[in-house]
Structure formats: C-alpha cells, structure tokens
Trainee: 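If you scroll down you'll find the structure; I have some questions about it.
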Amino acid sequence: MDHSNPPSRRPAPPTGWKRLAARLPVHLFRIGLGPLFGRRLLLLIHTGRLSGTSRTVVLEVVDHTRAPHSWTVASGYGPTAQWYRNLQHTPQATIQDGRQYHAVNADFLPAETGAAIMARYAEAHPRTAARLCAYLGLPADGTDAGYRRAGELIPFVRLNCDPACHLPRAAAGRRPGKPNA
C-alpha cells in the first residue's frame, strides 16, 4: 500500500503549548534523563533535508532487537512528518537509547511488514494501540485484521545499528603494538 495518501482524518502535528509539551522528552534526554523512559522511547538525531543542521525528535520504539541491534519506529503523522522526510533524504542518523548512542541507518519498511508490526504491537499494548488508532483516525476495530489494516497505513522505519557500532573494544590500557606487562 502506498503511504503517500494518508487518511484525511489524520490530525496535524501539535502546535503552540501542545508542541512544547510534546518536545519535553527531548529536553529530558538532553539533560541525561533518557533512562527514565526505559526502552519505550529513543531520541533520534538526524539531519534536516533543507537546512543541513542537526534535528532531534523523541519517538516511541515499537520493536527492538538485540542481535543485530535495530529499533523500529512509526510515523504516526504519516509520510509528511519532518523527521520521516529528513531520514528519506539522509538515512544515516544517531539515536540515543537511555544513555547510549548508536549510529544507525534508516530502512523504510513495506506496508505488509507494517501490518505485521502493528498486529504484534496491538497484542503487546492493546489499550495504547486502540487509543493511537482512534487519535490518528485509523480503521481499527480491535481485531488482529483491523490492526493489520491500520498498520498498512502507518509508515514504519527500522533503524539498523551500524555494524561498526558494536565492534569489540581493545583491552583497557593497551596501546597498539605494545604488549601489556
């Protein structure tokens, strides 16, 4: 399914004081309080497609795998969300997960994969999934099939950890070419 035609009932991103409230987690990550969110949220640091400057947004983690490291996030506001468009332009980014930083590459998932992800998410978080779909005006009737239909309309992005991010580090105190005594 094509994500370029989001449902017309999808709300506009928040503005004014609601935007300030929505941006509060960004500031909490910046002052070192990212671990308060557990594994549920991450801070995405990406490059603006027009300005070329660093941009940040906090996103909910829909799925996380440890080997290889990857985080799946959803663009609830559709393919026109600024962070989504910026990643399409420059898929290399950095995430902050708790207190750890990871270099990642964005992989835009097909609608069929999004359907399966949304069904798993709804099974794990039924109340949150129902509220999310209602807020976004997505067709979900509480059934697995309903959540799959909703998932086809949500653009999902997998943030894959750059393999160099998790190479083994040299033993502490060792310098190349010098054996430890």
Trainee: Judged by atom type as modelled, is there a donor-acceptor pair below 3.5 Å linking the side chain of Gln96 to the main-chain atoms of Gly98?
Mentor: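 A pair under 3.5 Å: yes.
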
Trainee: Between Phe108 and Phe156, does the ring centroid distance fall short of 6.0 Å?
Mentor: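 No: the rings miss the under 6.0 Å criterion.
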
Trainee: Answer yes or no: is there a side-chain heavy-atom contact under 4.5 Å between Tyr101 and Ile95?
Mentor: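 No, too far: nothing below the 4.5 Å cut-off.
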
Trainee: Compare all side-chain heavy atoms of Leu138 with those of Leu132 and state whether any distance is below 4.5 angstrom.
Mentor: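 No, every pair of side-chain atoms sits at 4.5 Å or beyond.
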
Trainee: How far apart are the C-alpha atoms of Val73 and Leu159, what are their side-chain angles, what is the distance that settles it, and do they pass the side chain to side chain contact (heavy atoms under 4.5 Å, CB included) test?
Mentor: CA-CA 8 Å; Val73 295; Leu159 303 169; 4.2 Å; yes

Trainee: Please report the interatomic distance OG1(Thr94) to CG(Asp162), rounded to the nearest 0.5 Å.
Mentor: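 Those atoms lie 9.5 Å apart.
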
Trainee: Is the number of heavy atoms from other residues, nucleotides or ligands under 6.0 Å of Gln88 CD greater than 12?
Mentor: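 Correct, the count exceeds 12.
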
Trainee: Considering the options Thr72, Asp107, Thr113, Asn105, which one meets the side-chain hydrogen bond (donor to acceptor under 3.5 Å, both in side chains) requirement together with Arg158?
Mentor: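 Of all the options given, the one that passes is Thr72.
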
Trainee: Where is the tightest heavy-atom contact between Pro155 and Pro79, given as atom of each residue plus distance?
Mentor: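 Of all heavy-atom pairs spanning Pro155 and Pro79, the closest is CG-N, 3.7 Å.
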
Trainee: Check whether any side-chain heavy atom of His64 sits under 4.5 Å from a side-chain heavy atom of Ser70, and report yes or no.
Mentor: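 The answer is no; the side chains never approach within 4.5 Å.
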
Trainee: Please report the interatomic distance CD(Gln100) to SG(Cys161), rounded to the nearest 0.5 Å.
Mentor: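 Spacing of CD (Gln100) from SG (Cys161) equals 9.5 Å.
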
Trainee: State, yes or no, whether a side-chain contact exists between Arg149 and Asp141 at a heavy-atom distance under 4.5 Å.
Mentor: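 Sidechains of Asp141 and Arg149: in contact.
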
Trainee: Report, as yes or no, whether the 6.0 Å neighbourhood of atom NE2 on His89 holds more than 12 heavy atoms from other residues, nucleotides or ligands.
Mentor: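 12 or below, so no.
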
Trainee: Between Trp17 and Leu24, is there a shared hydrophobic cluster once you connect ILVMFWY residues whose side-chain heavy atoms come closer than 4.5 Å?
Mentor: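 In one cluster: no.
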
Trainee: Looking only at heavy atoms, what is the nearest atom pair of Met118 and Gly151, with distance?
Mentor: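 That closest heavy-atom pairing would be CB-CA, 3.5 Å.
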
Trainee: Identify, with sequence neighbours excluded, every residue that meets side-chain contact (heavy atoms from CB on, under 4.5 Å) alongside Val58.
Mentor: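 Val58 satisfies side-chain contact (heavy atoms from CB on, under 4.5 Å) with Pro25, Val26, Phe29, Leu41, Leu43 only.
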
Trainee: Is the closest side-chain heavy-atom distance between Val157 and Trp83 below 4.5 Å?
Mentor: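 Counting from C-beta outward, Val157 and Trp83 do come under 4.5 Å.
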
Trainee: Looking only at heavy atoms, what is the nearest atom pair of Leu87 and Leu44, with distance?
Mentor: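 Nearest pair, atom of Leu87 first, then Leu44: CD1-CD2, 3.9 Å.
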
Trainee: Can you sort out the partners of Arg120 under side-chain contact (heavy atoms from CB on, under 4.5 Å), two or more places apart, ordered by chain and number?
Mentor: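 Arg120: side-chain contact (heavy atoms from CB on, under 4.5 Å) contacts with Asp63, Ala116, Ile117.
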
Trainee: State which residues pass side chain to side chain donor-acceptor pair (under 3.5 Å) with Ser54; sequence neighbours excluded, sorted by chain then number.
Mentor: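 If we apply the side chain to side chain donor-acceptor pair (under 3.5 Å) test to Ser54, skipping adjacent residues, there are no hits.
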
Trainee: For a 4.5 angstrom cut-off between non-hydrogen side-chain atoms, does His46 reach Val57?
Mentor: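 Touching, per the 4.5 Å side-chain cut-off.
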
Trainee: Aromatic rings His69 and Trp71: how do their planes relate, parallel, tilted or perpendicular, breaks at 30° and 60°?
Mentor: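 Ring orientation of His69 relative to Trp71: parallel.
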
Trainee: Which heavy atom of Pro126 sits nearest to which heavy atom of Tyr147, and what is that distance?
Mentor: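 So the two residues come closest at O-OH, 3.9 Å.
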
Trainee: Could you tell me whether the side chain of His125 reaches within less than 4.5 Å of the side chain of Arg40, counting heavy atoms only?
Mentor: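 Counting from C-beta outward, Arg40 and His125 do come under 4.5 Å.
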
Trainee: With a 4.5 Å cut-off on side-chain heavy atoms, are Arg55 and Thr47 touching?
Mentor: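 The answer is no; the side chains never approach within 4.5 Å.
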
Trainee: Is a side-chain N or O of Asn86 found less than 3.5 angstrom from the main chain of Arg49, in a donor-acceptor match?
Mentor: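 Side chain of Asn86 to backbone of Arg49, a donor-acceptor pair under 3.5 Å: yes, one is there.
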
Trainee: Indicate the atoms forming the closest heavy-atom contact of Pro35 with Gly32, along with that distance.
Mentor: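 Heavy atoms of Pro35 and Gly32 come nearest at CD-O, 3.6 Å.
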
Trainee: Report yes or no: do Glu60 and Tyr121 form a side-chain donor-acceptor pair below 3.5 Å?
Mentor: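 Yes, because at least one side-chain N or O of Glu60 sits under 3.5 Å from a partner of the opposite role on Tyr121.
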
Trainee: Would a distance-only check, ignoring hydrogens and angles, find a side-chain to backbone donor-acceptor pair under 3.5 Å from Ser51 to Thr53?
Mentor: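 Yes; judged by distance alone, with no hydrogens or angles, the pair exists.
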
